Amino acid sequence: MTKRRWRLSMLAVVAVLAAGVLLAACGDDDDDGGGGGGGEGGGGSIALLLPESKTARYESQDRPNFERKVQELCPDCTIEYANADQDPSKQQQQAEAAITKGVKVLVLDPVDAASAGAIVSRAKQSQIPVVSYDRLITDADIDYYISFDNVRVGELQGESLVSKLEEDGAKGDIIMINGAPTDNNAKLFKQGAHSVIDRSQFNVAKEYDTPDWSPDKAQTEMEQAITAVGENGFAGVYAANDGTAGGAIAAMKSAGIDPATRPTTGQDAELAAIQRILVGEQYMTVYKAIKPEAEAAAELAVALARGEDAPKGLVNDKVDNGQEQVPSVLLKPVAVTKDNINETVIKDGFWKASQVCTGKYAAACKEAGIQ
Ligand code: BGC
């Protein structure tokens, strides 16, 4: 056993050394040859590994926008796509499979910020660069990070909720339904939200971290909160994203509470959330323009697959992931309420009026000037 282990680790050392020699021999040149000069390099395979499918964004926005941009920039590139369904070991296997297939770059949105470090080490053994997509991989040697200003997301949620409650002259407490404890973003959203709520006149009566960001678990948490504080024991709800907001709102409805009387936050500008906002069931969401996020990841991935540097002007920040200062692309989130749906998600083409204004939402759309 120990002998085998020793042999394995020697093998790993030899592999790393050999890879190092190869790299040194390659220098900074493009791998593909192809007549020199940047930009026109050949194809290669790119892995896109997304974390879950209960939240709508991944399959409806991130994946198609990423794939479209890669195809546009690099018609010869292929994409290895996988969704981990919130299972970190499944994600580990998916990464392993992609590496075995010879991908040249990993674009990884980690289920678990900490354990994804093992994936990064594995990729590095094969000289594969890693882009941490949307969620930060902590304490690992990643090459780039692309996301939004996530503390700001939490602040926007907190500010909208507190000012709405103040405006309504509401008295009472807030219930907080946070995201998954394994997601670094959830930690940042929570931090941003607390920085606002904690200095407001409102107390937090109950607070939960929601495993896997699961909407059904959020619903159970909200049911527990309502049982604990009573139907009239809370004035509003901080929900970290639209999925958890949907769960919290369902719990209110089944307890006979009109959700319009308890402002609830969200995030992602999911279609269902935009419709709930229109009819007053949810107070706000945070719009994160996922198209530019996915496209930035595609630009970066294509460059890395070709052995080139990041496209000029793309990287605009640095983020400390506990191990290093990671060159980052950080985008700006925007708060959305009924008043600015038209100027944000509709104007931006994130949703078409025809998608939002179906059936029972038509009248509310008209009222909000959405056509
Ligand atoms: C993302 C959110 C998403 C959540 C659940 C977060 O890391 O930034 O947009 O709602 O994960 O998947």
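A quick note: this is a predicted structure, and the numbers were derived from the prediction, not measured. Both backbone and side-chain heavy atoms feed into the values below; hydrogens, waters and symmetry mates do not. Just so you know, ligand 1 is whichever comes first in the structure, and atom 1 is the first atom listed for that ligand.
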Sequence neighbours left out, cut at 3.5 Å: what donor-acceptor pairs do the side chains of residues 353-364 make with other protein atoms?
| from | atom 1 | to | atom 2 | distance (Å) |
| --- | --- | --- | --- | --- |
| Q355 | OE1 | K352 | N | 2.7 |

(message) Can you tell whether the side chains of D85 and K54 come within less than 4.0 Å, N to carboxylate O?
(response) no
(request) For K318, check salt bridge (charged side-chain N to carboxylate O under 4.0 Å, His left out) against everything at least two apart and list the hits. (result) none
(request) Spell out, yes or no, whether I142 and I99 are grouped together once hydrophobic residues are joined by side-chain heavy atoms under 4.5 Å, including indirect joins. (result) yes
(request) Sorted by first residue and then second, give each side-chain hydrogen bond (donor to acceptor under 3.5 Å, both in side chains) pair with at least one member in residues 282-297; sequence neighbours left out. (result) R57-E293, D242-Q282, D242-T285, Q267-K288, R276-Q282, Y287-D348
(message) As a test of reading the model: which residues have a non-hydrogen atom less than 4.0 Å away from ligand 1?
(response) E52, T55, R57, Y58, D134, R135, D183, N185, F189, W213, N241, Q267, D268, K288
(request) Kindly check if the number of other-residue, nucleotide or ligand heavy atoms within 6.0 Å of NZ (K69) is above 12? (result) yes
